[in-house]
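Counting starts at 1 for both ligands and their atoms, following the listed order.
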Amino acid sequence: MIELAALNAHHGIPGQLTFIEGPGGLVVAEVTNAHASATLVLQGAQMLTWAPIGQSPVIWLSRAARFVLGKSIRGGAPVCWPWFGAHPEDKTKPAHGFARNLMWQVSGSAIDPDGAPQVKLRLQDSDQTRALWPYAFTLELSVTAGDALLIEMSTTNNDDKPFTITEALHTYFAIGDIHQATVTGLDVARYWDKTENFAQHTQSGPVKFEKETDRVYQSDSETTIEDPAWNRRICIAKSGSASTVVWNPWIDISRKMEGMGETAWQGMLCVETANAMEDGVRVQPGGSHVLMARISVEDR
Ligand code: TA6
């Protein structure tokens with residue numbers, strides 16, 4: 001068990017950032033201040049919750065989520081890295097890579113100039129990661145939880161050979177009603193449809209939801225979730241990202257999916273800041289790449 005007292009002494013910020021023992025004994029960084037409340041679990045550097053003060057949750061966390069060491073938690077913002085989806089050659093390797101299942105180290109904390117607490121977590125290669133992916137790397141995730149939520153993930157290649165990653169901030173958003181929600185900002189973008197064996201299509205107008213939706217869009221644009229049921233919109237600005245993944249499992253998959261809950265699909269939607277499919281990122285020895293998502297919410 002990570003020593004909570006030492007973590008709080010080194011990285012805690014009195015009244016704003018505290019490390020606590022969360023469900024399943026997992027260590028959680030808890031932010032509560034005048035701007036927002038948020039939680040981030042050290043396992044997987046996974047955001048669990050975030051809401052500006054006065055708003056209902058913006059990041060969705062399943063009520064049926066299981067908190068188990070070494071397993072991704074259903075909801076929040078799991079980190080998919082160094083591959084997104086199934087491993088391209090070896091389906092026995094973990095889906096969405098290994099970063100979401102491993103314990104990260106706290107590498108820093110601060111208050112940004114707007115008064116928002118910032119936490120930095122780091123993951124480095126180990127025997128365990130090199131058995132799955134044979135490269136030396138540093139992966140760093142920085143979260144700034146204020147009126148807006150800023151997530152920056154930087155990949156550094158510490159190896160002597162280049163590598164290519166696919167990746168995603170697999171963010172689950174809380175919405176009032178999937179039947180009424182739409183996603184704008186993807187008009188005319190090309191996408192691969194996983195529900196049609198990755199057939200390619202072009203988006204026309206806003207994305208609407210009438211059935212299982214699982215798509216990788218080629219787009220570096222900002223997207224907006226329009227949520228008439230809760231009378232608000234969620235804006236997702238990004239950089240370092242050539243793909244946006246849009247996912248809702250709908251009824252049948254939700255029933256079978258671990259930690260999801262039977263009816264939960266009606267109140268969630270994933271819009272993921274990613275580099276996937278053809279848009280993997282090549283990182284040279286000594287080089288870095290930064291993926292950034294900035295999430296904000298406003299009334300409609
Ligand atoms: O991003 C969409 C997706 O790749 C879907 O195909 C779906 O399986 C989902 O992620 C969840 O994956 P997980 O491995 O967390 O169950």
Inset, instruction - Could you check which of Ile73, Asp214, Val245 puts a non-hydrogen atom nearest to atom 6 (O) of ligand 1? - result: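 It is Asp214 whose heavy atom sits nearest to atom 6 (O) of ligand 1.
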
Inset, instruction - May I ask which of Glu212, Glu272, His170 has a heavy atom nearer to atom 10 (O) of ligand 1 than the others do? - result: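 Among Glu212, Glu272, His170, the closest heavy atom to atom 10 (O) of ligand 1 comes from His170.
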
Inset, instruction - Report yes or no: does Asp125 contribute a side-chain atom to a donor-acceptor pair with the main-chain N or O of Thr129 at less than 3.5 Å? - result: no

Legend entry - Check: Ser254 side chain, Pro249 main-chain N or O, donor-acceptor pair, under 3.5 Å: no

Inset, instruction - Could you verify whether a donor N or O on one side chain and an acceptor N or O on the other, from Trp230 and Ser56, lie under 3.5 Å apart? - result: no

Inset, instruction - For Arg100 and Gln46, test the side chains for any donor-to-acceptor distance below 3.5 angstrom and give the result as yes or no. - result: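 Side-chain D/A pair, Arg100 to Gln46: absent.
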
Legend entry - Arg100 N/O under 3.5 Å from ligand 1 N/O: yes

Inset, instruction - Identify, by atom number and element, the atoms of ligand 1 in contact range of Phe84, meaning under 4.0 Å from any of its heavy atoms. - result: 1 (O), 4 (O)

Inset, instruction - Would you mind checking which non-hydrogen protein atom is closest to atom 12 (O) of ligand 1, with the distance to 0.1 Å? - result: His96 NE2, 3.5 Å

Inset, instruction - Assess the pair His179 and Trp265: is the distance between their ring centroids shorter than 6.0 Å? - result: yes

Legend entry - Validation row, ring centre Trp192 to ring centre His201 under 6.0 Å: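 No, ring centres 6.0 Å or more apart.
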
Inset, instruction - Give the contacting part of Arg74 toward ligand 1: side chain, backbone, both or neither, where contact means a heavy-atom distance below 4.0 Å. - result: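 Answer for Arg74: side chain.
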
Inset, instruction - Take every heavy atom of Glu258, measure it against each atom of ligand 1, and state whether any distance is under 4.0 Å. - result: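 No, Glu258 has no heavy atom closer than 4.0 Å to ligand 1.
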
